[in-house]
Each structure stands twice: as C-alpha cells, then as structure tokens.
Protein chains: 2
Amino acid sequence: MSKQVTIKQIAQYAGVSEATVSRVLNQPELVSKQTIQKVKDGMDELQYRPSALAQSMRNHTTKTIGVVISNVLNPFFTTLVRGIEDAATKRGYSVIVCNTDENPDKEQRYINMLVDHQADGIILASTGNHANYHSMVNDMPLVFIDRMPQGKDANLYDTVLVDNEKGSFNAVDALIKQGATRVNAIVSPVATTGTERLNGFRKALTAHDFPIREQDIALDDYLGQHTAELALNLIQTNQCDALFCGNNVILMNVLKVLKEWQIGDMKLAVFDDQPWFDFVQYPIISVDQPAYLIGTKAFITLMDRLANPNRPVTHDIVRTKLVIR
Amino acid sequence: MSKQVTIKQIAQYAGVSEATVSRVLNQPELVSKQTIQKVKDGMDELQYRPSALAQSMRNHTTKTIGVVISNVLNPFFTTLVRGIEDAATKRGYSVIVCNTDENPDKEQRYINMLVDHQADGIILASTGNHANYHSMVNDMPLVFIDRMPQGKDANLYDTVLVDNEKGSFNAVDALIKQGATRVNAIVSPVATTGTERLNGFRKALTAHDFPIREQDIALDDYLGQHTAELALNLIQTNQCDALFCGNNVILMNVLKVLKEWQIGDMKLAVFDDQPWFDFVQYPIISVDQPAYLIGTKAFITLMDRLANPNRPVTHDIVRTKLVIR
DNA sequence: CTGAAAGCGCTAACAT
DNA sequence: ATGTTAGCGCTTTCAG
C-alpha cells in the first residue's frame, strides 16, 4: 500500500504540532480559525483519513459491535441483521456478523474473537448451551435477542424478545377455527423458543377442548435433516389435517413432503412470516415477527447500555401479528 | 470493563520480559520449554487474550475484510455473504457487511469507512456509479463480484462473475421451447448485469426468429417500486404469454401482480433460483447462480491477491445452471 | 491558543 | 534463550 497519511505529516504541512491537528479533529473550539484552516487545507491536500485503529487503541472504543446468530440464511435473521446494520450505520458503528449454526463451540469461538477485537458490545441469539456468558465477555455489554438468557445470566442482561407462546396460540387457534380437527406440531428444540411455541400450541388445543397427544408433537433437529421424515410420519400415522410449524425452515421442509407425496389437503400454520407464503397453493397461516424492528431495538438497547452501564436491565417484548391466508 | 489483561502482566507473573511473552505467542520455537510453560500458566491464570487492536496496529493487518453489496435481504446476496463468511472464518478473518441499496453515496461512505478501519481488502458488488475505485481505496485489494468494474478500473481488479448473457439466453430459450409465443422482459438497470441479461434475452429471441420489439422490454428501477405497474403494462398491452424477470426481486413483484389480477396463465423465467420457487403454482424456469460458491471464490481470490500483490489480474466466470419446472 | 511528552498493547530489531 | 528499546497513529494531560 502507498504509505498512510498520518497526523504527523499534516502537522508538518501546516507547521503545527500533532496535538493541534488532533484538536482540529476532536475539539476544534480550542483552536483558532486560522490554524483550523491551515490544518484542513493540509488534510484535503494530502487526503488524510484518521486511522480508526489508532483511535480505538487510545479511546478504548472500537465503534464496532458483534451480532451472533444461528444463520443469516434464515430470512428471519437476515431481516434482523439488516435492522441492526441500518441502525448501527446511522450511529457510526460497524457490525460483524457471526453464524453459529447452533453450534456452541462456534459460538464460543466467535465470542472470543469479538472480545479480542474489543467490540463495544454483542447482540446475541444464544444457542442456549452456555449458562454463563458473563464469564466469557467480562463486562462487555450483551443484548439477548430471540432467545432468553439462562442460568446465571438470567437477570443480568437486556433482552428483546417476542411472545412466542401467544403468537403460537393464535396461530393454532386460527387453524382450529378454520375447521382443523387434528392439529399436529413440529418445532425446533432450539433454546427457549421451541418450548414456548409448544406451550402456545398446547394451550390452544386445550382452549378448544382438544386432547393433547404427545405423539402429535415432533421435535426437529436444528439442521432440519430429518424434518421431512418427521412430517411424513405425523401425517401418515396420525392422519392429522393441520400442521403447526415452529419456524420457516420447518415449513419449507414440510412443503417439500407435501409436494413429493402429492398431499393436496393440509392446513398449515407457521411461526414467522415470509412474503412468498402468498404464492404457495396452500393457504398458510403465519405469525409475523417484526424482525427488522427487533434488530433496531436491540441496537438501541445496546447503545443505551453503553451510555449508561448501570441502568436497570430492560426486557422488551415485541408484538407479533397473525396473518391469515 | 474490568481491566484488560496485557502482556505486561503476564510478563510480571512469569518473571520474564514482555518480548518473551510475545515470542511464546508468535515464535515459540525461540523460547525454552520451561519458560513457555511458565508463560502459558500465567495466561491461563490471568485469562489473557491478546488485543487484536494492538496487533493490527503493529502488524499493519487487521484480519478483517469488507463486503459491499446492495442488500443482504436479497437472498442471492445473503447466500453470497454466507459463503464469504464461512471461508473467512476458516482463515481467521472477520467480515464487515455493508448494504449500499444501490446508492453511490452510501457506497462511497462505506468504502471510506473500510479504508479508515484498515480492512485488508474489499469484496465489492459495485453500484457501477464510480469509475475510479482505485483512487478511493489507494492500494487496498478489491475483488469485484456480480458486476464488472468500469472505466479506469476495468482491468485493474480481480473479478468473480457469472455469465449473465448465456444464463439468460438459456432461460428464454427454454421458455420458447415450452411454447411461448411472445416473451417480454423486465430487468433491473443495475450496473453491468442488466444489460448482459437483456442481451441474452435478445439473442434467444433472434435465435428463434422472434422479432425484438422494444416495447416488450421494461427497465425496472432498482428499488422495485414500479415493477408491478411495469409488469401489468406489459401483460395487458402486449398480451405476452411469457415473462423473463431479471432477478428474484422482480419475479416476486410479478407474482404479486399475477395474483392480484388473477392471471392464471403465464410462463415465467427468472435469473437466480430460490428454493420456494418449487411451491409456486406457476412452473418457474430459473437460472441458478452458485451464490455461495461465488462468495468463497471471491474470498480465496482476495487471499491470493493479499499473498501475492503482483500476480496478474484474474477473471473468474462461474457456471449457472438452468432449472426447468 | 499551542506544544511536548507519555502511553494505549503489541512486535521486531538489536543486543547480550 | 532472553531482555531492551523503539514505535505503530492517535489523544490527552500538563505546561507555557
């Protein structure tokens, strides 16, 4: 690379000290108009750009945050990330996105990396396999999204979550009101969301005096490798006429099965909404989570925490919206 | 934050100099077994983690790269980004994702930011509105993806691209072979891809002795705000029976129109493939771009360039696959 | 209003 | 095999 232009050279050019150049950047009110002009001319002339690295080193703040999620390819997280990035950019922050694939080791490594890089904070969709994040990050601020902190961390950190139970309840309730007589469920066992969504499912059945049969519930593995089998099994052995899917990935796999086996009649509901649901031949009931909003809220929460490390922990629950099709 | 543990403290703990501690980290072969042990004990004991910041400062390398794309929400870019991130993680690199929304100013600002942060390199889907990136980034390596560099940059930078013309040709060709009698096109005017895809469209028509009518072609705006109108106009005034969509966002908007106007009969083809195309009532012909592969290739290209700044510029064209439905 | 000097945490000569 | 020292580019006392 052609050599970096530093404060030193600007100082030389303008015939002032490095300190003065720095002041022009950070506290221009302390510098005379004339000097400011000279220095600015130098900066323009030499195309000066301050080294963010050196600044971070001195100021102990990197203007960088980490976002640790399971997978950007999941459109829920894609949108969430975009929300974070937009909010971050507006405030001069950069974001580093980390995909754990629900693997606790990967999560651990990424968090270490972010600590090494002195990120100013982390927004985290926890895998749920670590119960003491605090010991990993020292006093770096953490905001939990999508999944609740567990164990020791439980009341230590700010959260931005959705009401999984209520959303699921509404979806299953809608299914039944549309005439479903036997609703089965496939959910992912990931962290706290799986359980909560299942609770909603159960409560909706109960509310309609439907029996709860454990055989009507399938727990997916996260990677979705066996979702298809599970779905087929439910459909064939239970003769269910409606299926509640715990997330959009599960729904996708269910659709594959329905197509392959040419099953034309099935009521479907899913937690999380996607635009293309409109174009599928089945009328899909979905629970729309405001992913983008969750992202911006999480970022703002993090900024608040940074500005005021001692303020009480906040727990934000955002509203979901039922989409009937 | 509870104070950072530095090399200094490890040195004290182990009763050696800072240099020795540093050597244990970077060139342990120069240090005696015993000393190594003492130092490592200290690191464990005090939970030492090297400051990536300080290292970057000294080494003039940040192990960070920038990825500048139009929008992660576009699933093509989502996949691309994931490809880059996986490859990067494997080699100890972090990535900062920047969304330009096809706005040249934003692009400019992000690139400046990456320069300020001393990113080791940038992978760039150019908005096509700057013809001299070299002046913006100094000698920082750049890899162009998805869109070709223009003007002064044309033969200065490595590229990883797809054959837009051939892919489009194949798609339109397939449409005609399926019996389409009048194929219209909507493409996005973005950078170089729009033109190339249009060329493929034209050539396919010509190959089948179809006339090329300019009224059969609509240029979308990038944000897709008027795609619906454009589509409706083509469909109603031209009575076309097939539509070639320049990307997945356009297709989505076309589907909305078809649904809203209850147009059941339309042959569709689109550049870029998505899993959910399988579940749409229209049989969608698509050009599958290996987005993930493009990502990993771009990253590897960047690493090669970093390792050997003077090697000749490379131009990689990845293969697309036609998906008939 | 401006300058000199110290130091953020680390590494690489250069000594020994 | 290990220690000493200088310096990466910047900001911030402390003096003047």
Side-chain angles (χ1 to χ4, degrees), chain A residues 1-40 42-43 46-64 92 113 115-120 138, chain B residues 1-40 42-43 46-64 92 113 115-120 138:
Chain A
M1 336 221 171
S2 61
K3 259 244 240 2
Q4 265 239 90
V5 179
T6 72
I7 264 192
K8 195 171 182 175
Q9 306 172 47
I10 306 298
Q12 247 153 25
Y13 181 101
V16 298
S17 74
E18 300 180 32
T20 300
V21 178
S22 174
R23 281 194 199 98
V24 171
L25 254 28
N26 302 301
Q27 324 170 62
E29 63 279 6
L30 300 184
V31 186
S32 77
K33 295 274 175 215
Q34 303 174 26
T35 312
I36 291 189
Q37 198 48 54
K38 273 192 299 181
V39 169
K40 287 209 162 147
M43 291 179 167
L46 306 183
Q47 303 224 53
Y48 172 75
R49 311 233 89 225
S51 157
L53 233 43
Q55 290 179 319
S56 296
M57 186 99 188
R58 272 290 318 210
N59 300 339
H60 294 284
T61 162
T62 52
K63 294 276 192 176
T64 299
M113 183 270 279
V115 171
D116 294 351
H117 281 244
Q118 254 110 277
D120 291 345
N138 243 324
Chain B
M1 338 222 170
S2 62
K3 258 242 241 5
Q4 263 240 87
V5 179
T6 72
I7 265 192
K8 196 171 181 175
Q9 306 172 48
I10 306 299
Q12 246 154 25
Y13 181 101
V16 299
S17 74
E18 299 180 33
T20 301
V21 177
S22 175
R23 282 194 199 97
V24 172
L25 254 28
N26 303 303
Q27 324 170 65
E29 62 280 6
L30 299 184
V31 186
S32 78
K33 296 274 173 215
Q34 304 174 25
T35 312
I36 292 188
Q37 198 49 53
K38 275 192 298 179
V39 169
K40 288 207 163 152
M43 290 178 168
L46 305 183
Q47 305 226 54
Y48 171 76
R49 311 232 91 227
S51 158
L53 234 43
Q55 290 178 320
S56 296
M57 186 100 192
R58 270 295 315 214
N59 301 339
H60 293 284
T61 162
T62 51
K63 293 277 192 174
T64 299
M113 183 271 278
V115 170
D116 294 351
H117 280 244
Q118 256 110 277
D120 291 346
N138 244 323

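Remember, predicted model here, so these are calculated numbers, not experimental data. Chain letters run A, B, ... following the sequence lines, proteins first and then strands; every chain starts at 1. As a basis for the values below, the full set of heavy atoms in this structure was taken, side chains included, without hydrogen atoms, waters or symmetry mates.
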> Looking at B:Thr6, does any N or O in its side chain come under 4.0 Å of the phosphate oxygens OP1/OP2 on C:dG9?
Replying inline: no
> Can you name the side-chain contact (heavy atoms from CB on, under 4.5 Å) partners of B:Ser22, sequence neighbours left out?
Replying inline: B:Ile7, B:Asn26
> Contacts to DNA chain C from residues 30-37 of chain A, heavy-atom cutoff under 4.0 Å, which residues?
Replying inline: A:Leu30, A:Val31, A:Ser32, A:Thr35
>> Under 4.0 Å from a heavy atom of chain B: give me the 5'-most and 3'-most nucleotides of DNA chain D that qualify.
In response: D:dA1 to D:dG9
> OP1 or OP2 of C:dG3 less than 4.0 angstrom from a side-chain nitrogen or oxygen of A:Thr20, does that happen here?
Replying inline: yes
> For A:Arg49, what residues pass the side chain to side chain donor-acceptor pair (under 3.5 Å) criterion, not counting sequence neighbours?
Replying inline: B:Asp116
>> So if I take residues 48-56 of chain B and measure heavy-atom distances to DNA chain C, which residues fall below 4.0 Å?
In response: B:Tyr48, B:Pro50, B:Ser51, B:Ala54, B:Gln55
>> Applying side chain to side chain donor-acceptor pair (under 3.5 Å), can you list everything that pairs with A:Gln12, at least two apart in sequence or on another chain?
In response: none
>> So, using side chain to side chain donor-acceptor pair (under 3.5 Å) as the criterion, who are the partners of B:Thr62 when residues are at least two apart?
In response: B:Asp120
>> Let me spell it out: for each of B:Glu18 and A:Val16, pick the nucleotide of DNA chain C with the closest heavy atom. Which residue's pick is nearer the 5' end?
In response: A:Val16
> Is there a side-chain contact (heavy atoms from CB on, under 4.5 Å) between A:Asn138 and B:Gln4 once you walk through the steps?
Replying inline: CA-CA 9 Å; A:Asn138 243 324; B:Gln4 263 240 87; over 6 Å; no
>> Once side chain to side chain donor-acceptor pair (under 3.5 Å) is applied, do any residues pair with A:Ser56, and if so which ones, sequence neighbours excluded?
In response: none
> Can you name the side-chain contact (heavy atoms from CB on, under 4.5 Å) partners of A:Asn59, sequence neighbours left out?
Replying inline: A:Gln55, A:Thr61
> Rounded to the nearest Å, what distance is computed from the CE atom of residue B:Met57 to the C1' atom of nucleotide C:dA12?
Replying inline: 15 Å
>> Rounded to whole Å, please give me the gap between CZ in A:Arg23 and C1' in C:dT2.
In response: 6 Å
> So how far off straight is the helix from C:dC1-D:dG16 to C:dT16-D:dA1, going by the axes through five pairs at either end, to 10°?
Replying inline: 40°
>> So, using side-chain contact (heavy atoms from CB on, under 4.5 Å) as the criterion, who are the partners of A:Tyr13 when residues are at least two apart?
In response: A:Glu45, A:Leu46
>> Tell me every residue that passes side-chain contact (heavy atoms from CB on, under 4.5 Å) with B:Leu30, counting only those two or more places apart in sequence or in another chain.
In response: B:Arg23, B:Gln27
> CD of B:Gln27 versus C1' of C:dC14: gap in Å, rounded?
Replying inline: 14 Å
> Within this structure, what is the CD-to-C1' distance between A:Gln118 and C:dC8, rounded to whole angstrom?
Replying inline: 10 Å
